[in-house]
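This report concerns only the one structure given below.
Small disclaimer: the values here were computed from a predicted structure and weren't measured.
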Amino acid sequence: MISFESDYITGAHPEILRRLSEINLEGLPGYGTDPYCARAKEKIRQACGCPDADIEFFVGGTQTNLVVIATMLQDHEGVIAAGTAHINTHEAGAIELSGHKVLRLPNSNAKIHPEDLEDYVSEFYADENYEHMVFPGMVYLSHPTEYGTLYSKAELEEIAAVCRKYDMTLYLDGARLAYGLMSHETDVTLKDIARICDAFYIGGTKAGALCGEAVVFTKQNKPKHFMTSMKKRGARLAKGWLLGVQFDTLFTDGLYEKIGKHAIDLAEQMKEIFRKHGVRFYLQSPTNQQFVILENRQVEQLKETVAFSFWEYYDETHTVVRFATGWSTTKEDLEYLDAQLKTMVKVSQGDGSFDSL
């Protein structure tokens with residue numbers, strides 16, 4: 001069986017493992033005070049075009065979101081996010097545990113829109129009872145979104161303008177940022193994100209690292225005593241050099257971009273395979289996550305030989321499922337998927353197309 005279940009199903013890119021092996025016996029100071037973390041931070045600053053940025057390393061995305069949101073908000077504030085946002089759906093109430101409410105905003109294709117954001121905040125302040133309510137203090141975006149869609153540069157700038165108007169922080173979750181940056185359909189660069197956002201993180205876990213995310217505070221706005229806040233929440237890794245070495249490697253010789261491009265190129269080939277077999281797309285994703293609609297009986301048949309993710313029920317007889325490519329996906333994996341789809345077609349209908357798709 002092969003797996004397209006997610007982009008973190010395998011270990012780490014060989015270059016990262018090689019570097020970790022090379023320094024394995026070095027005696028290094030703890031908690032991110034080592035030279036590898038310092039070097040990785042400098043490389044990230046250069047890549048972002050933000051020489052004054054403050055950077056901190058975390059182990060995983062939920063941990064990152066929890067600490068950043070909790071420390072950047074005042075105790076009376078909440079964070080605005082799409083209803084489909086990771087912090088609202090798949091982080092087990094971590095944000096609410098910190099005492100901050102996730103304020104859901106309508107979305108389409110998992111993206112929030114500047115006009116909806118403006119309406120929400122203006123209506124909040126127009127309510128004479130707003131001091132009895134949770135203040136909107138931050139806007140959370142993910143790029144790519146949970147459905148693999150992307151914001152354009154114009155959309156990000158318009159959202160940032162609303163945030164500035166109402167004194168809200170703009171925070172971007174970049175768990176899969178490598179795939180957003182290398183998409184064939186994006187006009188957003190890493191430097192654009194650093195310029196537009198107040199804080200964001202560069203995802204490593206889903207882009208070739210064993211683990212790790214790099215938070216970038218772009219406006220000299222890192223909360224005071226941030227290291228202590230991380231430690232308090234169990235987010236400070238004693239062997240911090242493990243994260244530093246990985247990001248130092250990812251940002252050497254363009255490895256981060258190469259990983260993103262590899263996954264995007266194979267995702268485009270995967271889309272062609274789905275089209276060839278008449279598989280219907282739930283939406284058009286320009287990134288490494290592809291969402292397709294299968295009959296329930298086809299889902300059961302295909303998952304005997306191919307691993308993928310349940311996403312949501314489409315109707316009583318169809319299900320939306322996700323296929324993801326990553327650094328370790330190969331052309332042979334796609335050939336295997338192609339062969340399994342051919343077999344499923346024969347079993348399902350025998351005429352070269354999926355029934356009811």
Side-chain angles (χ1 to χ4, degrees), residues 4 6-8 47-49 61 65 80-90 105-117 139-163 170-208 213 216 218 256-272 274 281-292 309 311 320 322-327 329:
F4 298 97
S6 192
D7 34 26
Y8 55 84
C48 293
N65 289 332
I80 296 174
T84 55
H86 206 261
I87 60 171
N88 188 57
T89 58
H90 291 155
L105 196 68
N107 64 92
S108 59
N109 289 342
K111 294 164 55 177
I112 66 174
H113 298 285
E115 56 271 21
D116 293 330
L117 178 61
V139 173
Y140 166 98
L141 307 177
S142 52
H143 183 82
T145 69
E146 282 64 40
Y147 282 81
T149 52
L150 295 172
Y151 289 92
S152 68
K153 182 163 61 175
E155 288 172 327
L156 291 176
E157 289 175 335
E158 290 171 13
I159 290 171
V162 178
C163 289
L170 179 57
Y171 169 57
L172 186 143
D173 180 326
R176 293 186 167 92
L177 188 55
Y179 311 119
L181 295 174
M182 299 311 297
S183 169
H184 299 169
E185 299 180 24
T186 190
D187 66 347
V188 176
T189 67
L190 186 58
K191 290 181 179 179
D192 291 329
I193 290 172
R195 174 178 56 84
I196 294 169
C197 297
D198 298 300
F200 68 97
Y201 80 85
I202 299 169
T205 301
K206 296 182 172 82
E213 329 296 332
V216 183
T218 64
Y256 195 68
E257 290 83 359
K258 291 174 185 175
I259 287 172
K261 183 179 185 302
H262 172 81
I264 290 296
D265 289 346
L266 290 187
E268 291 298 317
Q269 294 176 35
M270 176 188 286
K271 287 160 75 171
E272 291 303 314
F274 285 137
F281 290 88
Y282 181 61
L283 49 73
Q284 292 301 315
S285 165
T287 59
N288 72 314
Q289 300 179 89
Q290 298 301 315
F291 300 85
V292 298
S309 296
W311 211 249
V320 179
R322 183 189 72 175
F323 291 75
T325 58
W327 72 268
T329 307

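Contact check for Asp265 versus His184: side-chain heavy atoms found under the 4.5 Å cut-off. Using a 4.5 Å heavy-atom threshold, the side chains of Ser6 and Arg322 count as touching. Looking at Leu181 and Ile193, their side chains come closer than 4.5 Å, going by heavy atoms from C-beta outward. Under the 4.5 Å side-chain criterion, counting only non-hydrogen atoms from C-beta, Pro286 is in contact with Leu150. No side-chain heavy atom of Phe291 sits under 4.5 Å from any side-chain heavy atom of Thr149. Side-chain contact between Val216 and Ile202 is present, with at least one heavy-atom pair separated by less than 4.5 Å.
Closest heavy-atom contact between Tyr147 and Ala110: CD1-CB, 3.7 Å. Counting all heavy atoms, side chain and backbone alike, Asn107 lies closest to Ala82 at CB-CB, 3.8 Å. Shown here for Pro114 and Glu158, the closest heavy-atom pair between the two residues is CG-OE1, 3.3 Å. Nearest heavy atoms, Leu170 versus Cys163: CB-SG, 4.0 Å. Heavy atoms only, all atoms of each residue included: Ser152 and Val188 are closest at C-CG2, 3.7 Å.
Of the possible polar contacts, one joining the Gln290 side chain to the Ser285 backbone as a donor-acceptor pair under 3.5 Å is found. Although no hydrogens or angles enter the test, the distance criterion places a donor-acceptor pair under 3.5 Å between the side chain of Asn288 and the main chain of Thr325. Using a distance-only test at 3.5 Å, with no hydrogens or angles considered, a donor-acceptor pair links the side chain of Tyr179 to the main chain of Lys206.
Interatomic distance, OH of Tyr151 versus CG of Leu172, reported as 8.5 Å (0.5 Å rounding). Interatomic distance, Tyr171 OH to Ser142 OG, rounded to the nearest 0.5 Å: 10.5 Å. We find the CD1-CD1 distance between Ile80 and Ile112 to be 7.0 Å, quoted to the nearest 0.5 Å. Interatomic distance, NZ of Lys261 versus NZ of Lys258, reported as 11.0 Å (0.5 Å rounding). Note: Glu155 CD to Asp187 CG = 9.0 Å, rounded to the nearest 0.5 Å. The NE2 atom of His86 sits 8.0 Å away from the CG atom of Asn65 when rounded to the nearest 0.5 Å.
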Do Ile159 and Leu117 pass the side-chain contact (heavy atoms from CB on, under 4.5 Å) test, and can you show the C-alpha distance, the side-chain angles, and the key distance before you say yes or no? CA-CA 8 Å; Ile159 290 171; Leu117 178 61; 3.9 Å; yes
Start with the C-alpha distance between Thr145 and Thr84, add both sets of side-chain angles, then the distance that settles side-chain contact (heavy atoms from CB on, under 4.5 Å), and finish with yes or no. CA-CA 9 Å; Thr145 69; Thr84 55; over 6 Å; no
Quick one, Leu177 with Leu190, criterion side-chain contact (heavy atoms from CB on, under 4.5 Å). Give me CA distance, side-chain angles, the key distance, then yes/no. CA-CA 9 Å; Leu177 188 55; Leu190 186 58; 3.9 Å; yes
Check the pair Leu105 / Val139 against side-chain contact (heavy atoms from CB on, under 4.5 Å), numbers first and verdict last. CA-CA 10 Å; Leu105 196 68; Val139 173; over 6 Å; no
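For the 3.5 Å distance criterion, the side chains of Tyr140 and Asp173 qualify, holding a donor opposite an acceptor.
Below 30°, between 30° and 60°, or above 60°: for Phe323 and Phe4 the angle between ring planes is between 30° and 60°, a tilted geometry. Ring pair Phe274/Phe281 is perpendicular by interplanar angle, where above 60° counts as perpendicular and below 30° as parallel.
Counting non-hydrogen atoms of other residues, nucleotides and ligands closer than 6.0 Å to OH of Tyr201 gives a total above 12. By the 6.0 Å contact criterion, NE2 on His90 is open, its count of non-hydrogen atoms from other residues, nucleotides or ligands being 12 or less.
Ion pairing between a basic and an acidic side chain is recognised when a charged N comes within 4.0 Å of a carboxylate O; Glu157 and Arg195 show such pairing.
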